[in-house]
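This report refers to the structure that appears directly beneath it.
Along the sequence shown, the residues carry numbers beginning at 1. Read the numbers this way: they start at 1 and go in the same order the structure lists the ligands and their atoms. Everything numeric in this text was worked out from a predicted model, so none of it was measured.
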Amino acid sequence: MLSSAFALLLLGLQVRIASAFIECSVLDYGAVADNTTDLGPALSRAWTECVIPQVTTTVADNVLLYVPAGNYLLASTVTFDGAANWNLHIAGDIFLPFDPNLTGTMLTFENCENILLDGPGAIFGNGYWYRPDGDLTMFPNRPRLIRFQDCNNCEITQVELFNAPMFHVTMIGNSNIAHDMAIRADHIGETDGFDMSGNNNQVFSVSVENGDECVTVKTPTNGFVATDITCIFTAGCNIGSFGSAAVGVDVQNVFYSNVTISNSDAGIMIKSFPNCQGVVTNITYTGFTMDAAAYPLYISVFWEGGTDDTGSLEISDVTFENVAGTGTPTRPAVLLDCNKATPCKNINFNNIDLTDTIADQITNACGSGVAGLDAC
Ligand SMILES: *[C@@H]1O[C@H](CO)[C@@H](O)[C@H](O)[C@H]1NC(C)=O
Ligand SMILES: *[C@@H]1O[C@H](CO)[C@@H](O)[C@H](O)[C@H]1NC(C)=O
Ligand SMILES: *[C@@H]1O[C@H](CO)[C@@H](O)[C@H](O)[C@H]1NC(C)=O
Ligand SMILES: *[C@@H]1O[C@H](CO)[C@@H](O)[C@H](O)[C@H]1NC(C)=O
């Protein structure tokens with residue numbers, strides 16, 4: 001009795017799900033899993049001819065743009081501009097070719113709403129071909145991997161990303177989420193993991209190994225949460241950088257917790273040029289474990305040099321707490337290098353236990369919690 005009622009319930013659920021579920025396989029639109037045929041045109045066709053016409057609900061994973069298991073070559077860039085409520089489901093492995101003419105972003109989602117990009121597949125960027133011997137200058141226009149541009153309520157998860165020629169994931173917009181995924185790249189540079197901007201975005205349960213920034217907040221941002229983050233051979237978790245003479249910088253209400261950073265060029269860093277204008281305020285970093293992090297706790301408005309200290313970027317209310325582990329023996333645990341005209345204000349440290357470092361260096365900042373930092 002009970003069990004048949006349960007079976008009926010299950011059947012009901014299945015029917016409901018099945019009736020809404022639509023799968024647009026790239027194999028029906030020209031793709032071949034031969035690692036030779038360009039997947040780009042098939043993605044565009046399947047999206048235009050199958051996904052867009054069939055989206056009728058706001059449940060993203062009711063309509064799948066589906067890349068089945070198998071090996072695919074992605075030799076051209078694809079832009080999905082404008083449609084909402086669908087799911088790019090990558091079960092296969094996608095490989096980028098070496099093509100010096102390939103530029104832009106391989107997968108761009110633009111002006112979109114409620115898109116899910118998920119795995120369990122992977123994208124192999126083969127970035128080392130574009131940076132022979134680590135040379136970043138040979139192919140300066142080499143492609144980026146994934147970009148959400150002016151997109152809200154989007155999600156990326158479960159897909160593994162390897163060795164993008166340039167940056168891996170950029171999300172611009174509001175209420176976007178990246179979670180439960182890994183990025184692995186050579187330790188070379190210009191290969192940021194997650195670059196996030198907009199309001200109320202989140203990154204959680206991700207692991208990044210890449211020789212560049214791990215989980216980074218760009219301007220403008222109001223409300224950002226990152227938690228359960230592992231950064232290996234990265235340039236740490238950053239805010240910025242803000243370009244030379246950037247005006248209107250606006251980053252507020254940022255919260256990072258439970259982050260492990262090992263073998264890193266920087267741990268936590270807020271970085272700008274001295275001539276930037278704007279506001280960076282109410283930033284909290286809590287629960288960091290560092291292992292051989294150069295410059296573990298670092299705010300610099302001179303990160304790319306420059307000596308003019310008349311800038312007006314206001315960096316204030318930054319809290320570093322519960323940070324433990326090791327720095328590197330030639331560098332300070334805390335380095336604050338701020339503008340004379342606009343000192344960093346309310347930079348507070350609580351329960352910092354970093355060893356293997358030299359004495360802290362503090363210029364034009366006030367706050368509490370470490371020796372040599374004047375109260376505001
Ligand atoms: C697919 O092709 C790329 C070169 O375009 C190559 O690097 C990669 O190893 C190939 N993948 C497989 C599984 O053969
Ligand atoms: C790149 O583009 C140039 C000019 O269109 C062309 O001559 C060249 O063959 C292309 N290279 C490759 C590898 O496709
Ligand atoms: C911290 O993050 C790690 C790695 O993501 C995770 O395994 C662990 O459960 C998290 N710890 C807490 C207390 O949330
Ligand atoms: C500071 O940011 C946190 C989120 O990190 C938020 O909960 C809090 O309300 C903010 N404080 C102010 C004064 O805006």
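For atom 7 (O) of ligand 4, no protein heavy-atom neighbour is present inside the 4.0 Å cut-off. Using a 4.0 Å threshold on non-hydrogen atoms, atom 2 (O) of ligand 3 counts as touching the protein. Taking a distance limit of 4.0 Å, we find that atom 11 (N) of ligand 3 is approached by some protein heavy atom.
Applying the 4.0 Å criterion to heavy atoms of Asn35 picks out, from ligand 1, the atoms 1 (C), 2 (O), 3 (C), 8 (C), 10 (C), 11 (N), 12 (C), 14 (O). Ligand-side atoms of ligand 4 in range of Asn253: 1 (C), 2 (O), 10 (C), 14 (O), range being under 4.0 angstrom from any heavy atom. Atom numbering of ligand 1 starts at 1 in the shown order; those under 4.0 Å from a heavy atom of Leu73 are 5 (O). Counting the atoms of ligand 1 from 1 in the order shown, those under 4.0 Å from a heavy atom of Trp129 are 4 (C), 7 (O).
Nearest non-hydrogen protein atom to atom 4 (C) of ligand 3 is Thr230 OG1, 4.1 Å. When only non-hydrogen protein atoms are considered, atom 14 (O) of ligand 3 lies nearest to Asn258 ND2, 3.4 Å. The shortest contact between atom 5 (O) of ligand 4 and any protein heavy atom is with Phe255 CB, 3.3 Å. Looking only at heavy atoms of the protein, atom 9 (O) of ligand 1 is closest to Phe95 CE2, 4.3 Å.
Atom NZ of residue Lys271 and atom CD of residue Glu304 lie 8.0 Å apart, to the nearest 0.5 angstrom.
Ring planes of Trp303 and Phe273: perpendicular class, angle over 60° (limits at 30 and 60°). Classified by interplanar angle (parallel below 30°, tilted 30° to 60°, perpendicular above 60°), the ring pair Phe233/His187 is parallel. Using the six-membered ring where Trp is involved, Phe80 and Trp47 have ring planes that are perpendicular, over 60° apart on the 30 and 60° scheme.
A salt bridge links Arg142 with Glu190: the distance from a Lys NZ or Arg NE/NH1/NH2 to an Asp or Glu carboxylate oxygen falls below 4.0 Å.
Residue contacts with ligand 1 for Asp93 are absent, since no atom lies close enough (heavy atoms, distance under 4.0 Å).
Ile283 and Phe320 fall within the same hydrophobic cluster, defined by Ile, Leu, Val, Met, Phe, Trp and Tyr side-chain heavy atoms under 4.5 Å apart, directly or through other members. Put simply, Met269 and Ile347 are part of two different groups of oily side chains (I, L, V, M, F, W, Y) that touch within less than 4.5 Å, one to the next.
For atom 13 (C) of ligand 4, the candidate residues are Asn282, Ile283, Val225; the nearest heavy-atom contact is made by Asn282.
Nearest heavy atom pair, residue Gly240 against residue Lys218, reads O-NZ, 3.3 Å.
In this structure, a donor-acceptor pair under 3.5 Å is present between the side chains of Asn253 and Asn282.
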